[in-house]
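Before any comments, here is the structure.
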Amino acid sequence: MKRKTITIREDQDEWIEGQHLNLSSFVREQLDELIEERE
């Protein structure tokens, strides 16, 4: 697996923390959906 760095706003960080969201997992799922849509 490859590591990437992204930049998010402070308000986004606060929301993510409040939701207990795993950002890496979320991004991978969203990318998979986009890839499937475009194939």
Side-chain angles (χ1 to χ4, degrees):
M1 194 162 297
K2 186 141 182 143
R3 288 187 174 261
K4 296 283 186 178
T5 302
I6 65 168
T7 303
I8 59 173
R9 297 185 316 259
E10 190 169 322
D11 63 317
Q12 292 170 327
D13 182 52
E14 291 172 5
W15 186 87
I16 290 165
E17 290 293 322
Q19 301 299 311
H20 306 288
L21 180 67
N22 180 317
L23 189 56
S24 292
S25 177
F26 176 77
V27 170
R28 283 193 304 270
E29 289 172 9
Q30 293 299 307
L31 286 170
D32 283 342
E33 287 180 20
L34 285 172
I35 290 167
E36 287 177 17
E37 288 175 6
R38 294 179 183 206
E39 288 183 340

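Note on L34: it does not cluster hydrophobically with F26, by side-chain heavy-atom contacts below 4.5 Å among ILVMFWY residues.
Note: L23 CG to Q12 CD = 9.5 Å, rounded to the nearest 0.5 Å. L21 contributes atom CG, which lies 6.0 Å from atom CD1 of I16 (distance to the nearest 0.5 angstrom). A distance of 12.0 Å separates CZ of R9 from OG1 of T7, quoted to the nearest 0.5 Å. Once rounded to the nearest 0.5 Å, the distance linking CD of E29 with CG of N22 reads 8.5 Å.
Among the candidates R38, E37, E39, the single residue satisfying the side-chain contact (heavy atoms from CB on, under 4.5 Å) test with I35 is E39.
More than 12 non-hydrogen atoms from other residues, nucleotides or ligands lie less than 6.0 angstrom from CD of Q30.
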